[in-house]
Amino acid sequence: MTLLAPAPTDRETPPLVDTEFFVGRSWAWKSGPCAAVSHRFAVECEVWDALSHVLEPVVRPLRLPGQRASGSVYRVLARADHEVPYALYRDQRRITLATRPEAVAHALAAQINRQAIESSIDDHVLLHAAAATRAGITVILPAEQERGKTTTVAGLLREGYGYVTDEAVALDPSSGRIEPFPKALSIDRGAWPLFPECRPQSVATGTRQWNVPADRLGAVTERGSVGPPRVVVFPMYAPGNSTRCTLMSRGEGVRELAQATFHFPRHATRNLRTLAAVAAAATIAQLRIGSLEDAVEAIEMLVSQQIVEELCG
Amino acid sequence: MDDLTPEAVLRRRGEPELAWVEVEGELVVYDSERDALHLLDPAGTAVWKLLDGSRSIRGTSKHLAGAFGNPVEDVLADVLGFARRLQDLGLAVRLS
(Lines give C-alpha, C1' and ligand atoms only; values in the text may rest on other atoms or scores of the structure.)
Protein backbone atom coordinates (compact mmCIF):
# COMPACT_ATOMS: atom_id res chain seq x y z
CA MET A 1 0.00 0.00 0.00
CA THR A 2 1.24 3.45 -0.88
CA LEU A 3 0.38 6.40 1.27
CA LEU A 4 0.21 9.58 -0.70
CA ALA A 5 1.07 12.72 1.21
CA PRO A 6 -0.81 15.83 0.15
CA ALA A 7 1.12 17.83 -2.38
CA PRO A 8 2.87 20.85 -0.86
CA THR A 9 0.80 23.12 -3.05
CA ASP A 10 -2.38 21.79 -1.47
CA ARG A 11 -1.17 22.55 2.05
CA GLU A 12 -0.41 26.14 1.16
CA THR A 13 -3.57 26.83 -0.85
CA PRO A 14 -5.90 23.88 -0.32
CA PRO A 15 -9.05 23.43 -2.40
CA LEU A 16 -11.31 24.07 0.58
CA VAL A 17 -10.49 26.27 3.53
CA ASP A 18 -12.26 27.56 6.61
CA THR A 19 -13.00 31.19 7.31
CA GLU A 20 -9.93 31.50 9.52
CA PHE A 21 -7.67 30.74 6.59
CA PHE A 22 -7.68 34.33 5.34
CA VAL A 23 -7.36 36.02 8.74
CA GLY A 24 -4.11 37.92 9.18
CA ARG A 25 -3.30 38.07 5.49
CA SER A 26 -2.27 41.37 4.05
CA TRP A 27 -4.29 42.66 1.10
CA ALA A 28 -2.51 44.89 -1.38
CA TRP A 29 -5.80 45.83 -3.05
CA LYS A 30 -9.50 45.64 -2.28
CA SER A 31 -12.18 46.40 -4.83
CA GLY A 32 -14.96 47.43 -2.49
CA PRO A 33 -18.52 46.31 -3.27
CA CYS A 34 -19.27 45.09 -6.79
CA ALA A 35 -22.31 43.66 -8.56
CA ALA A 36 -23.01 41.49 -11.56
CA VAL A 37 -26.82 41.58 -11.81
CA SER A 38 -27.89 39.84 -8.56
CA HIS A 39 -24.40 38.55 -7.74
CA ARG A 40 -22.85 40.78 -5.08
CA PHE A 41 -19.15 40.40 -4.46
CA ALA A 42 -15.81 41.99 -3.69
CA VAL A 43 -12.27 41.19 -4.80
CA GLU A 44 -9.16 41.20 -2.63
CA CYS A 45 -5.60 40.64 -3.82
CA GLU A 46 -2.42 39.86 -1.94
CA VAL A 47 -0.40 41.11 -4.89
CA TRP A 48 -1.47 43.98 -7.06
CA ASP A 49 1.44 45.38 -9.06
CA ALA A 50 1.72 42.28 -11.23
CA LEU A 51 -2.05 41.88 -11.61
CA SER A 52 -3.50 45.36 -11.82
CA HIS A 53 -3.25 45.60 -15.61
CA VAL A 54 -5.43 42.52 -16.09
CA LEU A 55 -7.72 42.61 -13.04
CA GLU A 56 -8.58 46.29 -13.04
CA PRO A 57 -10.41 46.15 -16.42
CA VAL A 58 -12.42 43.13 -15.22
CA VAL A 59 -13.42 44.51 -11.83
CA ARG A 60 -13.71 48.29 -12.26
CA PRO A 61 -16.84 48.29 -14.48
CA LEU A 62 -18.72 46.30 -11.84
CA ARG A 63 -17.84 48.37 -8.79
CA LEU A 64 -20.65 49.95 -6.79
CA PRO A 65 -19.12 52.90 -4.99
CA GLY A 66 -20.93 54.04 -1.90
CA GLN A 67 -22.73 50.76 -1.30
CA ARG A 68 -22.24 48.24 1.47
CA ALA A 69 -20.11 45.19 0.84
CA SER A 70 -22.06 41.94 0.73
CA GLY A 71 -22.09 38.56 -0.95
CA SER A 72 -19.06 36.59 -2.05
CA VAL A 73 -15.41 37.53 -1.77
CA TYR A 74 -12.95 36.57 -4.48
CA ARG A 75 -9.39 36.46 -3.18
CA VAL A 76 -6.18 36.22 -5.15
CA LEU A 77 -3.40 34.75 -3.06
CA ALA A 78 0.29 34.95 -3.83
CA ARG A 79 2.19 31.67 -3.70
CA ALA A 80 5.72 32.86 -3.12
CA ASP A 81 8.49 31.06 -5.00
CA HIS A 82 6.03 28.81 -6.82
CA GLU A 83 6.04 28.04 -10.52
CA VAL A 84 2.30 28.55 -10.27
CA PRO A 85 2.27 31.80 -8.32
CA TYR A 86 -1.43 32.62 -8.00
CA ALA A 87 -4.43 31.00 -6.35
CA LEU A 88 -7.96 32.33 -6.85
CA TYR A 89 -10.65 31.62 -4.27
CA ARG A 90 -14.34 32.37 -4.13
CA ASP A 91 -15.19 32.44 -0.45
CA GLN A 92 -13.77 29.21 0.98
CA ARG A 93 -13.41 27.35 -2.30
CA ARG A 94 -10.35 27.49 -4.51
CA ILE A 95 -11.35 28.13 -8.11
CA THR A 96 -8.02 27.78 -9.81
CA LEU A 97 -4.26 27.90 -9.59
CA ALA A 98 -2.74 30.11 -12.25
CA THR A 99 0.66 30.61 -13.76
CA ARG A 100 0.01 33.92 -15.51
CA PRO A 101 -1.88 37.08 -14.53
CA GLU A 102 -4.04 36.71 -17.65
CA ALA A 103 -5.20 33.29 -16.45
CA VAL A 104 -6.23 34.79 -13.10
CA ALA A 105 -8.25 37.49 -14.85
CA HIS A 106 -9.83 34.98 -17.22
CA ALA A 107 -10.84 32.67 -14.37
CA LEU A 108 -12.20 35.55 -12.30
CA ALA A 109 -14.24 36.94 -15.21
CA ALA A 110 -15.62 33.49 -16.04
CA GLN A 111 -16.56 32.86 -12.43
CA ILE A 112 -18.29 36.24 -12.09
CA ASN A 113 -20.28 35.53 -15.27
CA ARG A 114 -21.30 32.11 -14.03
CA GLN A 115 -22.34 33.39 -10.62
CA ALA A 116 -24.18 36.33 -12.17
CA ILE A 117 -26.29 33.91 -14.17
CA GLU A 118 -26.83 31.39 -11.38
CA SER A 119 -27.76 34.00 -8.78
CA SER A 120 -30.09 35.94 -11.08
CA ILE A 121 -31.97 33.16 -12.84
CA ASP A 122 -34.87 32.97 -10.38
CA ASP A 123 -35.80 36.64 -10.45
CA HIS A 124 -34.80 37.56 -14.02
CA VAL A 125 -35.22 36.16 -17.50
CA LEU A 126 -31.59 35.98 -18.59
CA LEU A 127 -30.75 36.13 -22.27
CA HIS A 128 -27.39 35.36 -23.77
CA ALA A 129 -27.23 38.74 -25.44
CA ALA A 130 -25.50 42.08 -25.70
CA ALA A 131 -27.40 45.34 -25.25
CA ALA A 132 -27.03 49.06 -25.74
CA THR A 133 -29.23 52.16 -25.62
CA ARG A 134 -29.79 55.24 -27.68
CA ALA A 135 -32.29 58.02 -26.96
CA GLY A 136 -34.20 55.80 -24.57
CA ILE A 137 -34.43 52.92 -27.04
CA THR A 138 -32.90 49.64 -25.87
CA VAL A 139 -31.37 47.35 -28.49
CA ILE A 140 -30.56 43.75 -27.65
CA LEU A 141 -28.43 41.35 -29.66
CA PRO A 142 -29.16 37.76 -28.58
CA ALA A 143 -26.82 35.10 -29.91
CA GLU A 144 -24.57 32.20 -29.07
CA GLN A 145 -20.80 32.60 -28.86
CA GLU A 146 -18.92 33.64 -31.99
CA ARG A 147 -21.95 35.22 -33.67
CA GLY A 148 -20.70 38.80 -33.32
CA LYS A 149 -22.55 40.10 -30.24
CA THR A 150 -19.60 41.76 -28.59
CA THR A 151 -18.09 43.13 -31.79
CA THR A 152 -21.41 44.60 -32.86
CA VAL A 153 -22.19 46.17 -29.50
CA ALA A 154 -18.66 47.59 -29.39
CA GLY A 155 -19.34 49.16 -32.77
CA LEU A 156 -22.55 50.69 -31.41
CA LEU A 157 -20.75 52.07 -28.35
CA ARG A 158 -18.23 53.76 -30.60
CA GLU A 159 -21.16 55.48 -32.31
CA GLY A 160 -22.40 56.91 -29.03
CA TYR A 161 -24.71 54.22 -27.66
CA GLY A 162 -24.92 53.64 -23.90
CA TYR A 163 -23.54 50.36 -22.66
CA VAL A 164 -25.69 47.72 -20.93
CA THR A 165 -23.87 44.41 -21.41
CA ASP A 166 -22.04 42.20 -23.88
CA GLU A 167 -22.99 38.92 -22.23
CA ALA A 168 -26.29 38.65 -20.34
CA VAL A 169 -29.47 40.70 -20.65
CA ALA A 170 -31.39 40.46 -17.36
CA LEU A 171 -35.09 41.12 -17.94
CA ASP A 172 -37.39 41.84 -15.04
CA PRO A 173 -40.37 39.50 -15.72
CA SER A 174 -42.90 41.95 -14.31
CA SER A 175 -41.78 45.15 -16.04
CA GLY A 176 -39.64 43.94 -18.93
CA ARG A 177 -36.95 46.40 -17.88
CA ILE A 178 -33.31 45.38 -18.05
CA GLU A 179 -30.81 45.34 -15.21
CA PRO A 180 -27.41 46.32 -16.63
CA PHE A 181 -24.47 43.93 -16.43
CA PRO A 182 -21.77 46.28 -17.70
CA LYS A 183 -18.84 43.89 -17.57
CA ALA A 184 -15.73 44.61 -19.58
CA LEU A 185 -16.32 43.73 -23.23
CA SER A 186 -14.60 40.48 -24.17
CA ILE A 187 -13.21 41.32 -27.58
CA ASP A 188 -11.97 38.26 -29.43
CA ARG A 189 -8.66 38.18 -31.25
CA GLY A 190 -10.36 38.19 -34.66
CA ALA A 191 -11.95 41.58 -33.93
CA TRP A 192 -8.82 43.26 -32.54
CA PRO A 193 -8.00 45.05 -35.81
CA LEU A 194 -11.42 46.74 -35.68
CA PHE A 195 -10.70 48.31 -32.29
CA PRO A 196 -7.07 49.40 -32.20
CA GLU A 197 -7.91 52.02 -29.59
CA CYS A 198 -8.78 49.25 -27.14
CA ARG A 199 -5.44 47.49 -27.24
CA PRO A 200 -4.17 46.96 -23.68
CA GLN A 201 -0.76 48.35 -22.75
CA SER A 202 0.68 44.86 -22.80
CA VAL A 203 -0.73 41.72 -24.34
CA ALA A 204 0.77 38.43 -23.24
CA THR A 205 1.49 35.74 -25.78
CA GLY A 206 -1.47 33.42 -26.16
CA THR A 207 -4.05 36.00 -25.11
CA ARG A 208 -7.36 35.28 -26.85
CA GLN A 209 -9.49 38.14 -25.60
CA TRP A 210 -9.08 41.70 -24.52
CA ASN A 211 -11.16 42.75 -21.52
CA VAL A 212 -12.19 46.27 -22.45
CA PRO A 213 -14.19 48.58 -20.15
CA ALA A 214 -16.84 50.42 -22.14
CA ASP A 215 -15.29 53.82 -21.43
CA ARG A 216 -12.31 52.78 -23.55
CA LEU A 217 -14.74 53.03 -26.48
CA GLY A 218 -15.92 56.42 -25.30
CA ALA A 219 -19.22 54.99 -24.09
CA VAL A 220 -21.29 55.88 -21.07
CA THR A 221 -22.34 52.88 -19.00
CA GLU A 222 -25.97 52.52 -17.95
CA ARG A 223 -26.08 52.12 -14.15
CA GLY A 224 -29.79 51.96 -13.46
CA SER A 225 -32.34 49.72 -15.15
CA VAL A 226 -33.09 50.54 -18.78
CA GLY A 227 -36.35 50.25 -20.68
CA PRO A 228 -37.65 47.03 -22.26
CA PRO A 229 -36.07 46.10 -25.59
CA ARG A 230 -37.57 47.95 -28.54
CA VAL A 231 -35.18 46.57 -31.14
CA VAL A 232 -34.18 42.89 -31.09
CA VAL A 233 -31.48 41.90 -33.56
CA PHE A 234 -30.15 38.36 -33.87
CA PRO A 235 -26.62 38.79 -35.23
CA MET A 236 -24.90 36.16 -37.33
CA TYR A 237 -21.36 36.91 -38.41
CA ALA A 238 -20.85 35.70 -41.98
CA PRO A 239 -17.46 36.83 -43.26
CA GLY A 240 -17.31 37.23 -47.01
CA ASN A 241 -21.03 37.89 -47.29
CA SER A 242 -22.89 41.14 -47.62
CA THR A 243 -24.67 42.50 -44.56
CA ARG A 244 -28.39 41.82 -44.72
CA CYS A 245 -31.17 42.66 -42.28
CA THR A 246 -34.30 40.49 -42.44
CA LEU A 247 -37.39 41.24 -40.38
CA MET A 248 -38.84 38.32 -38.43
CA SER A 249 -42.35 37.58 -37.21
CA ARG A 250 -43.03 38.02 -33.51
CA GLY A 251 -43.51 34.27 -33.09
CA GLU A 252 -40.12 33.62 -34.65
CA GLY A 253 -38.74 36.25 -32.31
CA VAL A 254 -40.14 34.50 -29.23
CA ARG A 255 -38.76 31.15 -30.36
CA GLU A 256 -35.28 32.58 -30.99
CA LEU A 257 -35.32 34.53 -27.73
CA ALA A 258 -36.30 31.34 -25.89
CA GLN A 259 -33.35 29.55 -27.46
CA ALA A 260 -31.09 32.35 -26.24
CA THR A 261 -32.42 32.18 -22.66
CA PHE A 262 -30.09 30.77 -20.03
CA HIS A 263 -31.62 27.75 -18.29
CA PHE A 264 -34.92 28.29 -20.12
CA PRO A 265 -36.65 25.14 -18.77
CA ARG A 266 -36.30 26.19 -15.13
CA HIS A 267 -39.04 28.79 -15.56
CA ALA A 268 -40.48 27.95 -18.96
CA THR A 269 -43.94 29.48 -18.52
CA ARG A 270 -42.66 32.70 -16.97
CA ASN A 271 -39.95 32.98 -19.59
CA LEU A 272 -42.35 32.47 -22.51
CA ARG A 273 -44.73 35.13 -21.20
CA THR A 274 -41.92 37.63 -20.68
CA LEU A 275 -40.42 36.98 -24.10
CA ALA A 276 -43.83 37.29 -25.76
CA ALA A 277 -44.24 40.71 -24.14
CA VAL A 278 -40.81 41.70 -25.43
CA ALA A 279 -41.60 40.47 -28.93
CA ALA A 280 -44.99 42.18 -29.01
CA ALA A 281 -43.42 45.60 -28.43
CA ALA A 282 -40.21 45.34 -30.47
CA THR A 283 -38.95 45.37 -34.02
CA ILE A 284 -37.32 41.97 -34.54
CA ALA A 285 -34.76 41.15 -37.19
CA GLN A 286 -32.02 38.76 -38.12
CA LEU A 287 -28.81 40.45 -39.14
CA ARG A 288 -26.30 38.68 -41.34
CA ILE A 289 -23.08 40.57 -40.71
CA GLY A 290 -20.54 40.95 -43.45
CA SER A 291 -18.89 44.05 -42.03
CA LEU A 292 -19.12 45.87 -38.74
CA GLU A 293 -19.70 49.23 -40.39
CA ASP A 294 -22.70 47.93 -42.34
CA ALA A 295 -24.07 46.11 -39.30
CA VAL A 296 -23.97 49.26 -37.19
CA GLU A 297 -25.67 51.18 -39.99
CA ALA A 298 -28.42 48.58 -40.26
CA ILE A 299 -29.10 48.71 -36.53
CA GLU A 300 -29.05 52.51 -36.59
CA MET A 301 -31.78 52.34 -39.22
CA LEU A 302 -33.97 50.09 -37.05
CA VAL A 303 -33.42 52.28 -34.00
CA SER A 304 -34.21 55.45 -35.94
CA GLN A 305 -37.47 53.92 -37.17
CA GLN A 306 -38.35 52.95 -33.62
CA ILE A 307 -37.60 56.46 -32.35
CA VAL A 308 -39.88 57.93 -35.02
CA GLU A 309 -42.64 55.43 -34.16
CA GLU A 310 -42.43 56.28 -30.47
CA LEU A 311 -42.43 60.01 -31.18
CA CYS A 312 -45.52 59.59 -33.34
CA GLY A 313 -47.18 57.65 -30.54
CA MET B 1 -47.96 4.46 -35.33
CA ASP B 2 -51.56 4.04 -36.53
CA ASP B 3 -52.66 6.35 -39.29
CA LEU B 4 -55.20 9.00 -38.49
CA THR B 5 -58.63 9.00 -40.09
CA PRO B 6 -61.05 11.92 -40.32
CA GLU B 7 -63.05 10.35 -37.48
CA ALA B 8 -60.12 10.30 -35.06
CA VAL B 9 -60.32 12.56 -32.02
CA LEU B 10 -57.15 14.26 -30.81
CA ARG B 11 -56.46 16.37 -27.80
CA ARG B 12 -53.55 18.70 -27.52
CA ARG B 13 -51.29 18.01 -24.56
CA GLY B 14 -51.29 20.61 -21.86
CA GLU B 15 -49.55 21.71 -18.72
CA PRO B 16 -47.32 20.70 -17.07
CA GLU B 17 -45.67 18.98 -20.05
CA LEU B 18 -46.29 21.89 -22.40
CA ALA B 19 -46.01 25.64 -21.93
CA TRP B 20 -47.16 27.96 -24.68
CA VAL B 21 -47.75 31.55 -25.57
CA GLU B 22 -49.56 33.20 -28.45
CA VAL B 23 -48.26 36.32 -30.11
CA GLU B 24 -49.95 37.90 -33.12
CA GLY B 25 -51.67 34.66 -34.07
CA GLU B 26 -48.54 32.50 -33.84
CA LEU B 27 -48.07 29.99 -31.07
CA VAL B 28 -44.73 29.15 -29.46
CA VAL B 29 -44.89 25.84 -27.61
CA TYR B 30 -42.28 24.45 -25.26
CA ASP B 31 -42.31 20.70 -24.63
CA SER B 32 -40.53 20.15 -21.33
CA GLU B 33 -40.37 16.37 -21.75
CA ARG B 34 -38.47 16.64 -25.02
CA ASP B 35 -36.86 20.01 -24.27
CA ALA B 36 -38.09 21.23 -27.65
CA LEU B 37 -39.52 24.49 -28.92
CA HIS B 38 -42.13 24.62 -31.69
CA LEU B 39 -43.57 27.51 -33.63
CA LEU B 40 -47.07 27.20 -35.10
CA ASP B 41 -48.19 29.60 -37.80
CA PRO B 42 -51.66 31.20 -37.53
CA ALA B 43 -53.37 28.32 -39.36
CA GLY B 44 -51.63 25.77 -37.15
CA THR B 45 -52.54 27.77 -34.10
CA ALA B 46 -56.20 27.75 -35.11
CA VAL B 47 -56.14 23.95 -35.45
CA TRP B 48 -54.26 23.57 -32.18
CA LYS B 49 -56.89 25.52 -30.31
CA LEU B 50 -59.67 23.31 -31.65
CA LEU B 51 -57.94 20.06 -30.73
CA ASP B 52 -59.50 19.92 -27.29
CA GLY B 53 -60.75 16.35 -27.47
CA SER B 54 -64.37 17.34 -28.05
CA ARG B 55 -64.59 16.84 -31.81
CA SER B 56 -63.17 14.68 -34.58
CA ILE B 57 -60.68 15.86 -37.15
CA ARG B 58 -63.59 16.11 -39.58
CA GLY B 59 -65.49 18.23 -37.05
CA THR B 60 -62.45 20.43 -36.60
CA SER B 61 -62.18 20.81 -40.36
CA LYS B 62 -65.85 21.75 -40.70
CA HIS B 63 -65.41 24.37 -38.01
CA LEU B 64 -62.40 25.91 -39.77
CA ALA B 65 -63.99 25.67 -43.21
CA GLY B 66 -66.97 27.62 -41.93
CA ALA B 67 -64.77 30.22 -40.33
CA PHE B 68 -62.57 30.76 -43.38
CA GLY B 69 -65.08 30.05 -46.17
CA ASN B 70 -63.11 27.17 -47.70
CA PRO B 71 -64.35 23.77 -48.94
CA VAL B 72 -64.39 21.21 -46.12
CA GLU B 73 -62.52 18.56 -48.13
CA ASP B 74 -59.63 20.97 -48.83
CA VAL B 75 -59.40 21.92 -45.18
CA LEU B 76 -59.68 18.31 -44.05
CA ALA B 77 -56.58 17.28 -45.98
CA ASP B 78 -54.56 20.06 -44.39
CA VAL B 79 -55.90 19.39 -40.90
CA LEU B 80 -55.21 15.67 -41.19
CA GLY B 81 -51.63 16.34 -42.23
CA PHE B 82 -51.12 18.82 -39.46
CA ALA B 83 -52.71 16.55 -36.86
CA ARG B 84 -50.35 13.73 -37.87
CA ARG B 85 -47.45 16.09 -37.41
CA LEU B 86 -48.66 17.17 -33.98
CA GLN B 87 -49.05 13.54 -33.01
CA ASP B 88 -45.58 12.68 -34.27
CA LEU B 89 -44.08 15.57 -32.31
CA GLY B 90 -45.92 14.48 -29.18
CA LEU B 91 -47.89 17.69 -28.99
CA ALA B 92 -51.27 15.96 -29.30
CA VAL B 93 -52.58 12.55 -28.25
CA ARG B 94 -55.25 10.43 -29.91
CA LEU B 95 -58.30 9.79 -27.79
CA SER B 96 -60.25 7.62 -30.24
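Treat the numbers as computed from the prediction; the structure is a model and nothing was measured. Chain letters run A, B, ... following the sequence lines, proteins first and then strands; every chain starts at 1.
- Remark: A:R208 CZ is loosely packed, at most 12 non-hydrogen atoms of other residues, nucleotides or ligands lying under 6.0 Å away.
- Shortest non-hydrogen contact noted between A:S249 and B:E26 is OG-OE1, 2.8 Å.
- Atom CG in B:D41 sits 10.5 Å away from atom CD in A:E252 (nearest 0.5 Å).
- Residue A:A276 comes nearest to B:V21 through the heavy atom pair CB-CG2, 3.4 Å, listed as atom of the first residue, atom of the second, then distance.
- The line from CG of B:L18 to CG of A:L272 is 10.5 Å long, rounded to the nearest 0.5 Å.
- Under a cut-off of 6.0 angstrom, the local environment of CZ in A:R93 is sparse, with at most 12 non-hydrogen atoms contributed by other residues, nucleotides or ligands.
- In the displayed structure, A:R273 atom CZ is contacted under 6.0 Å by at most 12 heavy atoms of other residues, nucleotides or ligands.
- What you find for A:T269 and B:E15 is that their closest heavy atoms are OG1-OE2, 4.5 Å.
- For CZ of A:R244, the number of neighbouring non-hydrogen atoms (other residues, nucleotides, ligands) closer than 6.0 Å is 12 at most.
- By the 6.0 Å contact criterion, CD on A:E293 is open, its count of non-hydrogen atoms from other residues, nucleotides or ligands being 12 or less.
- The CZ atom of A:R250 sits 14.0 Å away from atom CG of B:L39, with the distance rounded to the nearest 0.5 Å.
- Within 6.0 Å of CD on B:E7 lie more than 12 heavy atoms contributed by other residues, nucleotides or ligands.
- Between the CG atom of A:L275 and the OH atom of B:Y30 there is a distance of 13.0 Å, given to the nearest 0.5 Å.
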